[in-house]
Amino acid sequence: MPKTKRPESLMIQAVKNNDLKKVTALLKHTTSVNDTDRDGRTALWWAIHLKSGEISELLVANGGELERSWLQIETGQNTLAEVIKNRGVSDLNRCKLFILTGAGISAESGIPTFRSPNGLWNHPDSQRIATHSHFVKSRKSVINLHVKLKKLMKEKVPNQAHFALAALEQQWLGDLLVVTQNVDNLHFKAGSLKVPKLHGCLSEKRCEACGRVSQWTTEDLDSAPCSKCMRSTPHRPNTVLFGEESHQHEMALRAAAECELFIAIGTSGMVAPAFSLVGLANNAHKIEINTEETEVSGLFDEKIQGQAHIEVPKLMKLLGVRI
Ligand code: APR
């Protein structure tokens with residue numbers, strides 16, 4: 001009796017070849033769309049990862065469950081390192097990766113975090129001043145706070161964690177979004193080109209009349225008219241104060257909800273929208289890199305306790321990024 005291939009492997013091959021006709025023909029047999037190949041991945045999993053849209057819909061219509069991320073199935077209590085060791089996951093760098101960074105990633109670069117004992121919010125006034133309501137009442141004090149922070153961050157340089165994420169941006173084959181809460185511009189200085197800044201950036205100013213954003217290069221905020229609308233309404237720092245909406249919010253929420261691997265680096269998870277992002281990543285294996293436990297540590301599958309400039313390059317190498 002010649003050895004024949006199980007129908008589902010024909011199904012998975014048809015999916016990998018993006019052969020809609022073949023998939024349709026196979027669906028006429030009793031082939032289950034949820035059978036798995038030797039790596040535990042269904043035809044639907046392959047269709048989604050190979051972005052075969054029409055085939056994915058066809059398989060879902062024929063009972064294919066949009067299963068949770070294979071990472072979550074595989075890891076359970078395991079770590080990503082164990083999954084990779086046991087299965088040598090070849091196409092891990094195609095999965096949807098979402099990374100959120102906070103002040104902790106810049107600690108090694110000499111920028112204090114906000115909530116540590118000698119942190120930027122240590123002075124009770126600072127957090128009270130960095131609010132929209134205070135900006136309306138006393139604009140000058142808010143701008144002075146920004147001038148002080150800008151001075152403190154000016155000469156700082158990226159560390160190995162920032163450079164590792166810049167390398168990741170160059171090499172990752174799947175969907176990737178790295179968002180930062182930081183206003184220090186160190187991701188950009190390290191070579192990352194596509195890191196949306198949830199809270200804006202201290203090296204930028206914004207025209208309050210037309211919203212045009214430009215580089216803030218002077219020490220204080222100059223009163224030069226806006227080069228776009230020519231009005232002489234004052235510029236403001238292009239940061240998001242407490243009580244203001246982050247324009248990058250929606251996009252970050254969507255990406256977090258769709259990702260398969262979620263990594264939070266150096267954030268206390270105390271501020272929206274950051275703390276809601278990890279709660280949205282239901283389909284993902286979630287990793288937290290931090291020197292301490294945080295308010296949201298319980299939401300993560302895996303915690304890497306350590307300093308970002310050491311742990312982030314290690315994790316990127318594990319993900320196959322050449323640093
Ligand atoms: N490596 C990794 N994590 C670190 C390191 C380090 N070297 N040093 C400190 N941490 C961790 C701290 O344990 C803490 O959990 O970084 C986190 C920094 O937390 P916060 O100071 O609260 O900063 P962040 O989470 O980025 O704050 C978010 O709040 O005040 C607003 O706009 C401000 O963007 C900021 C937002």
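Indexing begins at 1, ligand by ligand and atom by atom, following the structure's order. Just so you know, these numbers come straight off a predicted model, no measurement behind them. Numbers here simply count residues along the sequence, with the first being 1.
Of the polar atoms of Phe114, at least one N or O is found under 3.5 Å from an N or O of ligand 1, judged by distance alone. Residue-to-ligand polar distances keep Thr294 apart from ligand 1: every N/O pair is separated by 3.5 Å or more. In terms of N/O distances under 3.5 Å, ligand 1 is not approached by Ser116. The N/O atoms of Ala308, backbone and side chain alike, include one that comes under 3.5 Å of an N/O atom in ligand 1.
With a 4.0 Å heavy-atom cut-off, ligand 1 is reached by the backbone of Ser268 and by its side chain too.
Tested against Asn238 for a side-chain hydrogen bond (donor to acceptor under 3.5 Å, both in side chains), the candidates Lys205, Glu204, Lys197 yield a single pass: Glu204. In summary, of the residues considered (Thr113, Thr101, Thr180, Asp184), a side-chain hydrogen bond (donor to acceptor under 3.5 Å, both in side chains) with Ser106 occurs for Asp184 alone. A side-chain contact (heavy atoms from CB on, under 4.5 Å) with Glu208 is found for one member of His235, Arg236, Arg231 and no other, namely Arg236. For the pairing with Ile99, the side-chain contact (heavy atoms from CB on, under 4.5 Å) check across Leu315, Val312, Ile265 returns one residue only, Ile265.
Neither side chain, Ser246 nor His199, offers a donor N or O lying under 3.5 Å from an acceptor on the other. Between His146 and Thr239, the side chains place a donor N or O and an acceptor N or O closer than 3.5 Å (distance only, hydrogens not considered). Donor-acceptor pairing under 3.5 Å is recorded for the side chains of Thr294 and Glu288.
In the hydrophobic clustering of this structure, Trp172 does not group with Phe188; members are Ile, Leu, Val, Met, Phe, Trp, Tyr whose side-chain heavy atoms approach within less than 4.5 Å, directly or through other members.
Of the candidates Glu108, His309, Arg115, it is Arg115 that places a heavy atom closest to atom 27 (O) of ligand 1. The heavy atom nearest to atom 14 (C) of ligand 1, considering only Asn290, Val296, Thr113, Val240, is found in Asn290.
Close contacts between ligand 1 and Phe242 involve ligand atoms 30 (O), 31 (C) [criterion: under 4.0 Å to a heavy atom]. Applying the 4.0 Å criterion to heavy atoms of Gly306 picks out, from ligand 1, the atoms 1 (N), 2 (C). Residue Gln181 has at least one heavy-atom neighbour below 4.0 Å for each of these atoms of ligand 1: 26 (O), 28 (C), 34 (O). Within ligand 1, counting atoms from 1 as listed, the ones closer than 4.0 Å to a heavy atom of Ala107 are 7 (N), 8 (N). Which parts of ligand 1 touch Ala103 is read off a 4.0 Å heavy-atom cut-off, strictly below it: atoms 23 (O), 24 (P), 26 (O). The ligand atoms of ligand 1 that sit less than 4.0 angstrom from a heavy atom of Gly102 are 26 (O).
Ion pair Lys156/Glu108 not flagged as a salt bridge, since none of the NZ, NE, NH1 or NH2 atoms sits closer than 4.0 Å to an Asp/Glu carboxylate oxygen. The residues Lys150 and Glu219 are annotated as not salt-bridged, no charged nitrogen and carboxylate oxygen being separated by less than 4.0 angstrom. The residues Arg115 and Glu292 are annotated as not salt-bridged, no charged nitrogen and carboxylate oxygen being separated by less than 4.0 angstrom.
What sits closest to atom 18 (C) of ligand 1 on the protein, heavy atoms only, is Gly266 O, 3.7 Å. Protein heavy atom at the shortest distance from atom 30 (O) of ligand 1 is Trp121 NE1, 2.5 Å. Shortest contact from atom 32 (O) of ligand 1 to any protein heavy atom: His199 ND1, 3.3 Å. Given atom 10 (N) of ligand 1, the protein heavy atom at minimum distance is Thr291 OG1, 3.4 Å. For atom 6 (C) of ligand 1, the closest non-hydrogen atom on the protein side is Gly104 O, 3.3 Å.
Side-chain atoms of Ser109 come within 3.5 Å of backbone atoms of Val157 as a donor-acceptor pair (strictly under, hydrogens ignored).
Under a 4.0 Å heavy-atom criterion, Ala161 is not in contact with ligand 1.
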